[in-house]
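Read through the structure below, which is laid out as structure tokens, and then see the notes.
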4 protein chains.
Amino acid sequence: MGKEKTNQDAGAGTVNIYTDLALEERERFSRNVEIEGVKIDKQYDRKLNMTTTVVDIFNREGSKAMGKPEGSYITMETRLLKDFDEETRRTISAQLAEHIHQMLKGEKIKNILIVGLGNSQATPDALGPKVAENIITGQNVYCISPGVLAQTGMETYSIIKGIVGEVNPDIVIAIDSLAARNLRRVTTTIQLTDTGITPGSGVGNHRMGLDEKSLGRKVIAIGVPMVVSGATIVNDTMEKLLHILSSVEKTNYMSDIFSRYTSKEKYQLFEELLSEDTEQMFVTPKDIDEIVENLSRLIAHSLNKFCDEMINIA
Amino acid sequence: MGKEKTNQDAGAGTVNIYTDLALEERERFSRNVEIEGVKIDKQYDRKLNMTTTVVDIFNREGSKAMGKPEGSYITMETRLLKDFDEETRRTISAQLAEHIHQMLKGEKIKNILIVGLGNSQATPDALGPKVAENIITGQNVYCISPGVLAQTGMETYSIIKGIVGEVNPDIVIAIDSLAARNLRRVTTTIQLTDTGITPGSGVGNHRMGLDEKSLGRKVIAIGVPMVVSGATIVNDTMEKLLHILSSVEKTNYMSDIFSRYTSKEKYQLFEELLSEDTEQMFVTPKDIDEIVENLSRLIAHSLNKFCDEMINIA
Amino acid sequence: MGKEKTNQDAGAGTVNIYTDLALEERERFSRNVEIEGVKIDKQYDRKLNMTTTVVDIFNREGSKAMGKPEGSYITMETRLLKDFDEETRRTISAQLAEHIHQMLKGEKIKNILIVGLGNSQATPDALGPKVAENIITGQNVYCISPGVLAQTGMETYSIIKGIVGEVNPDIVIAIDSLAARNLRRVTTTIQLTDTGITPGSGVGNHRMGLDEKSLGRKVIAIGVPMVVSGATIVNDTMEKLLHILSSVEKTNYMSDIFSRYTSKEKYQLFEELLSEDTEQMFVTPKDIDEIVENLSRLIAHSLNKFCDEMINIA
Amino acid sequence: MGKEKTNQDAGAGTVNIYTDLALEERERFSRNVEIEGVKIDKQYDRKLNMTTTVVDIFNREGSKAMGKPEGSYITMETRLLKDFDEETRRTISAQLAEHIHQMLKGEKIKNILIVGLGNSQATPDALGPKVAENIITGQNVYCISPGVLAQTGMETYSIIKGIVGEVNPDIVIAIDSLAARNLRRVTTTIQLTDTGITPGSGVGNHRMGLDEKSLGRKVIAIGVPMVVSGATIVNDTMEKLLHILSSVEKTNYMSDIFSRYTSKEKYQLFEELLSEDTEQMFVTPKDIDEIVENLSRLIAHSLNKFCDEMINIA
């Protein structure tokens, strides 16, 4: 599908707000539209009230349409991620471990480097470092929390590349906090991908990509959206406003107004609605400290399980 | 000034969003309108780029118009609160200590109870507990961080009342994180008041008031806005939208739309724009962890200075 | 049993080092000696490799001989407390909850106040505050971490008495870090008693007692030894030295030396061996941070279970 | 000086307990003995009550006698390190920065890598990571906290070597918690050396050395003793015992006993006095949490000053 079509689908009120979730890129398109080079599979688990979506981007067109590299993206979505009991934790972390196994099917793994990305000093960005705290390392399981550029003065990529050169792992698994476009996804979604972590992503700003091309090893990335940007809030508000007004008014004055603007003018309007203050703000759940604590244990538990199984097989 | 006038002044897009700042209540009114029972004094310090505003509410009418109890409210506003060097810290904390002295002019103080309100486990609500960590207690300076209702199962009021009964302080000084209406005020404003902490305020929810009436001692409250609510973002967006559109369009379709709604209808519209998700979100600066750390040291430094001077005088 | 006898039993190298554990007071006496007013029952759980000892001090003589108030003292000792899996945690915390139920047999409990004693800023003293963090409070379960005298400027007793007066609980359960005499007991023993927390105890220094007499409510205290004092190390060394030398030498020169000193002279010798530096030191396990984290979860889990059962019965 | 001589000087009760401090190695020898290949200079600052000692080990004999690599060792000793005001902090950190400049005299430095060694999760080992938190990084100042082997599964050396290869700094400055032999030195001494961090040192166990030979860059190490081992306590006790007894008794029975043992037998005796429990224990000051916090700020302040000056010169 061409780019123009995409924009039309996206509707009057939509500005191209960044998201780390392939799922959310897919949602820019109408549900019935088939996108070339992209395959989607959804499954619903009633007990966990969990939707698992596998998005496969398998050629250049798919990659271009989605704005994401070719590869596999698995998302597990459930409100239970916000607050779960021990049994649920075990079930979800077993499923997550299983997804990692599937992504590596056939590959022989002897050494694993786990990388906890993000800033341990900023709660919504602390997921990676907190997962790293709970990893059980050993002879073949390595783990590092490199910190962020502002702390280290170095590109995260340089640190990881240096370490990879020294300890020579077969794969890298990176955990990071993500940015979502939709408030509902914050802390309710885990995304798993074999395409690595792409530049400019998430809460922090880890600029150079960690992926198979740059590191010479498959890089599996696990992320959870922890924030939406101020832009998202503005956008959400506008979309709701249009929706509400259009259902209240016979003639939709509002849509009228927007219809007279070009795309570029609309974009400028939204830019102006985003004040400088808003841009330096996070929108994050009130109980984010507790959620990061719980989610980091769940993911660490899952990775410990995966490493244990993988190393024992090898 | 009557209430109806107030609402008209406030403009089409304004919903009554809660603020802890007397200053922001004042801003609902036109600058030139004189409000009965309210006296305002502003001073500007060029070096600190700081505006100090004293709002005195001295009778019932003033209290009613402002929606705040009678008493004195001092706000110190400067961007420097976000990031300051040691000299600035000393200057600002000396001024803050001086303001506390002025509020107590003539009173003889022998014992002081400092109360760090808020939740040490939730960064933007941790200001009070973090100030408490840095208080130098002694024979006549007491300090407590009671925690929040969700942690203790008890009203903060009950805990403080019990302690006041046992240690019998001459005054109570309470520190808390506040909620502002305006993003610009977040972490750039310190408010000091002798009216205590009123119910339903700020980040947490400390329901029963700590004030002279309930505790039998003068209660000085020191607060810094740490968050704005989702509602604020929606409101800010709408106000800007109206403003931008009115300057772009000859005929303001948007204002036209709103002019046809009653106040109640407008309120309902905004309610709908606020999703459940938004309400459970904080909007807070990206570097909130560091800001809370720095501000808590500044305020603690100021209180230590005040207590030291006060106890030595007595 | 008279005091003189006790000292003879204790052997040449023993100085009267403070311990919070009734169990360790008992160990000053020969195993076969029966102490009037004291009843002891031991049980061993093979699976947990756990020894549970119930010491009942039921009259004045027993209290005098043991140097502890009349009441019941239960200790659960197992190396597993240092490092346990989830199943072990559940088993131990269920047993602990059961012991609390037994101590309250017959009493009708409607409200419970849980008090996490100690200093959250000093790792080995942070057990109480960390347990408090994990308590699920509610309509009838209250919880407070009052901090320590150096932080608050107030006696812990005053704070708790004030709160008890306001919220009127039926019982108080206090959790604290303890001091042991024997290194082996550090982080491997939980002591439960219905005699409250007595003055001068443990890691911190909570001077006025929290007990039924002072608070007008039964006070159950739960403690885990987190440190031994420098004095303990000196003492342990001397005892070992005597033991080793006596088994190596035909004539025990060392014992000869000590036999010529009076008790008072020996005490002075040990005093001199304890430098000022040693006294300001903790002896604590290298992984104390992790142990405090794990133990606080175990105890909180147990208290949550107890409160849940108790409130539902009532 | 030969090794045998050394042992005789060290006295009957001395076991060769590890110390990271060159100063303490020097103290094994009589004050008047001149050691070949070792130069010592002491200066006393009355105002700070601070002794600064420069130990230069400038050849193989010196290195052998001292059990330390050739190079320069500077120690700054003052009780003020435990508790200092702002002015003292500035003075001491300026002196420390000056010492680093002197060690690098003549060298042109364009890039600096600062390494915070140790375990942020174990208070006495957290000095390095906490210094790292407060470093101001920039275009030419890099900083990393690699964690410890138990956390990462990797030799610290491998991590740092990898990073050095990528970012190519001119020097490496490593900060670590040290082990001392003498309780008095704990948290009262800063050691600075240009010989790097040697294996087996300090609180943690960073096994492969970070030094000029292994990394190809000069490595300056800054350390503060944070613990003494259980062995130290045992040894201190024994030495005091001998001392006290010898001044009390005409004939020194105790020394008699030890004189009949060979060195090997004495060593075995001390080994036995060290129980397994003792070895897994830290001896550390009661207020270690606060001391680590303060010292890390002092050292970070000093390094920020040094980097700022160095980069500006270059």
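In what follows, chains are A, B, ... by sequence order, proteins preceding strands, each numbered from 1. Please read these numbers as outputs of a predicted model, since none were measured by experiment.
Within 6.0 Å of atom CD in Glu290(A), 12 or fewer heavy atoms from other residues, nucleotides or ligands are found, so the atom counts as exposed in its surroundings. A 6.0 Å sphere centred on CD of Glu87(A) holds no more than 12 heavy atoms belonging to other residues, nucleotides or ligands. Applying the 6.0 Å contact sphere to NZ of Lys218(A) captures more than 12 heavy atoms from other residues, nucleotides or ligands.
Scored by the side chain to side chain donor-acceptor pair (under 3.5 Å) test, Lys305(D) finds Glu309(D) as partners (sequence neighbours excluded). Take Tyr142(D) and apply the ring pair (Phe, Tyr, Trp, His ring centres under 6.0 Å) test, not counting sequence neighbours, and it matches no residue. A search for ring pair (Phe, Tyr, Trp, His ring centres under 6.0 Å) contacts involving Tyr73(D) returns nothing, not counting sequence neighbours.
The part of Val141(A) that comes within reach of chain D is its backbone (N, CA, C, O), which places non-hydrogen atoms under 4.5 angstrom from that chain. Using a 4.5 Å cut-off between heavy atoms, Gln139(D) makes no contact with chain A at all. Residue contact with chain D, scored on non-hydrogen atoms closer than 4.5 Å, involves the side chain of Leu113(A) exclusively. At a 4.5 Å heavy-atom cutoff, the contact between Glu133(A) and chain D is made by side-chain atoms alone.
The candidate from Thr152(A), Ile144(A), Ile114(A) with the greatest count of non-hydrogen atom pairs under 4.5 Å with chain D is Thr152(A). The choice from Ile163(D), Asn140(D), Ile136(D) that makes the most heavy-atom pairs within less than 4.5 Å of chain A is Ile163(D).
Contact between Cys143(A) and Met154(D) at its shortest, heavy atoms only, is O-CE, 3.7 Å.
Taken from OG1 in Thr137(A) to CG in Leu149(D), the straight-line distance is 7.0 Å, to the nearest 0.5 Å.
Contacts between residues 295-304 of chain A and chain D, defined by a heavy-atom separation under 4.5 Å, are made by no residue at all.
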